[in-house]
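Take a look at the structure set out below.
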Amino acid sequence: MVVTRFAPSPTGELHVGGARTALFSWAFARGHGGRFIVRFEDTDQARSSTQSTRNILRDLTWLGIDWDEGPIYDPTGEKDPYDPANQRGEHGPYFQSQRLDIYRQYVQQLLDRGLAYRDGEAVRFRMDRDIAFEDQVFGPISVAAADLEDFVILKADGFPTFHLAVVVDDALMKVTHVIRGQEHLSNTPKHVALQDALGFPRPVYAHTPSIMNPDGSKMSKRDKARTARAAAKDKTLPIDAAPPEIREEIADFLDKKNDSMAVTQWIAKVLDLKLPEIDVADFRESGYLPQVLCNYVALLGWNPGNNIEKFDNTFLAQHFGLERVGKANARFDRDKLLAFNADAIANLPVEEFATLWIEHMKRRGGSPFLAKFDEATLRALAAVYQPRSRTLNDPEVLGAFFVADDESLAYDPKAVQKVLHKNEKAGIAVLGELRERLAGCEPWDGPTIHALLESFAKETGRGMGDVAQPLRVAVSGSTVSPPIQDTLAILGRNATLARIERCIRVNG
RNA sequence: GGCCCCGUCGUCUAGUGGUCUAGGACAUCGCCCUUUCACGGCGGUAACACGGGUUCAAAUCCCGUCGGGGUCACCA
């Protein structure tokens, strides 16, 4: 029976790299009819937090990754994941901080057999042999004893180090395949040595290459701080207006002395800065679909062959194999992710896209769209913006003019010049002629408006462009909008007429 | 720096000695469609890091160089 696990340390948000590791581990277990475990390596007392634990569980769930053993995710946030009652599985508890007694037994055993020794309050394991093992991705790996040092397995605070805990837990939880990031490749000899000393079977190891930024640097949470710092460089920040609790950190932050997330977010907010997406939560906020993130991230270092690129988690589970995992690091290409997201959005049933969009706005804490339009209008907007959206944030951005105030809409000077003023203000003339007709248009819906516009164009010897463009500028302020009849239908008769009046008044 | 690992279009990759005049996707460029935008359709540009071998034959095997990454913590 195949058993895999994802074992994050709860010290922050779930990173895309971690998401990929989790996804591969999950897919491998599911594809082999095995079990998948989520376990938390919280042996770093200072940095671990319950909030981080909850967020990681939330993000795994959002991605569509489910687990057979581990803490149960509670969306309400009321249940304490550390409570054994809120954990599922026969090999728990699933927090290393709750397994201290177990680790101590093994440390004692190693001590008794002379394979480890005390070093102050800590305990070190003796590394005195050459180590060789087979990695499913990288092939045979061997390290000479001379290149290995005795390492700490029990810290002075009584907690085991990651090395000891990971080996003991994987053995006790009957893990057969360890799929993890490449950064652990050079730790593996230590783990193998420990397994041999303790008489544990060696799991199959598979290390995945890293995910890098487009410039080749490592993709890390620090990139957000770096971006904020760079943007703040030659700007004056309203430090006095910053929340009191972060005010003192700001100077140090700008001085590269800390990478405070709170300061980073504050700078992004006051500078209206877009931070790079690094964590799974960032991608959710930016309006990416979970299945697309999974799809894209799986493609970084793995592919099913045969030129298939678009697939869901079910397909991944059926086809994923360690043989096809690449060895080279991959750069994260947001353009391709965006293209995949746009494609997935375009292929969604309209109602589903509408629902996703509305929920997305609600989750992000509201939107002028939610305040201004009723459900039916929101759904009409969704239908119109679905083919134009690459993310769930796009409708609000592209359709910002819909929620503008009728009396303060801004006009793009170039659009006014080109569409309204050219040819002795032909565009303004069109608006004037159309005003009456539109006022009498009945009913006020897309097809009727379209028919009206078409016959108007024909009667007056104009092309559709001659009539649609002036209207577009009048109601949106620019030359870009969804098809004009849809735009007007959604906007409503009153707003349409008001905007036409004002446009003639202001630009005529 | 020591040790380990990696190196095909700008990016992700297919490719496991001959089927490679190197395929796909994203990006990019051009054309078409068109009431704008987006979509869509068609077409183009673009890669085997470099240098030596091995072989009848190398992107595919070997060596070296260069470039990149990881790791050297009582963090994971």
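Every chain is numbered from 1 and lettered A, B, ... according to where its sequence line falls, protein lines coming before strand lines.
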Scan [X] against the nucleic acid and name what it touches under 4.0 Å (heavy atoms): base, sugar-phosphate only, or nothing.
X      : value
A:H163 : base
A:L299 : sugar-phosphate
A:A339 : sugar-phosphate
A:P482 : base
A:R390 : nothing
A:K310 : nothing
A:S476 : nothing

Could you tell me the Watson-Crick or G-U partner of [N], where both distances fall under 3.5 Å? Say none if there is no partner.
N      : answer
B:rG67 : B:rC6
B:rG1  : B:rC72
B:rU34 : none
B:rU21 : none

What is the distance, rounded to the nearest whole Å, between atom CG of A:L148 and atom P of B:rU71?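 My rounded result for the distance is 16 Å.
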Which residue, A:R324 or A:P387, contacts RNA chain B at a nucleotide closer to its 5' end, judged by nearest heavy atom?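 Between the two, 5'-proximity favours A:R324.
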Quick one: on RNA chain B, does A:F138 or A:G216 contact a more 5' nucleotide (nearest heavy atom)?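 Per heavy-atom nearest nucleotide, the more 5' residue is A:F138.
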Where the side chain of A:D44 is concerned, which of B:rA27, B:rU36, B:rA76 is the nearest nucleotide?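 So the nucleotide nearest the side chain must be B:rA76.
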Would you mind telling me which of B:rA25, B:rC26, B:rC75 lies closest to the side-chain atoms of A:E309?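 Per side-chain heavy atoms of A:E309, the pick is B:rA25.
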Would you call the rings of A:F320 and A:F24 parallel, tilted or perpendicular if under 30° counts as parallel and over 60° as perpendicular?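 The rings of A:F320 and A:F24 lie parallel, inter-plane angle below 30°.
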Go through it in stages, so that I can follow the logic: the residues are A:I141 and A:Y205, the test is side chain to side chain contact (heavy atoms under 4.5 Å, CB included), and I'd like the CA-CA distance, side-chain angles, deciding distance and then a yes or no. CA-CA 11 Å; A:I141 306 284; A:Y205 282 104; over 6 Å; no
Heavy-atom donor-acceptor pair, A:R331 side-chain to B:rC12 base, under 3.5 Å: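 No such pair is found, so the answer is no.
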Would you state whether a donor and an acceptor, one from the side chain of A:K336 and one from the base of B:rA27, lie under 3.5 Å apart?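 Looking at the base of B:rA27, it does not pair with any donor or acceptor on the side chain of A:K336 (distance under 3.5 Å).
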Rounded distance (nearest 0.5 Å) linking atom CG of A:D196 with atom CD1 of A:I131: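 Between A:D196 CG and A:I131 CD1, I get 6.0 Å after rounding to 0.5 Å.
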Atom pair OH (A:Y411) and OG (A:S476), whose distance is rounded to the nearest 0.5 Å: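 Here the rounded value is 9.5 Å.
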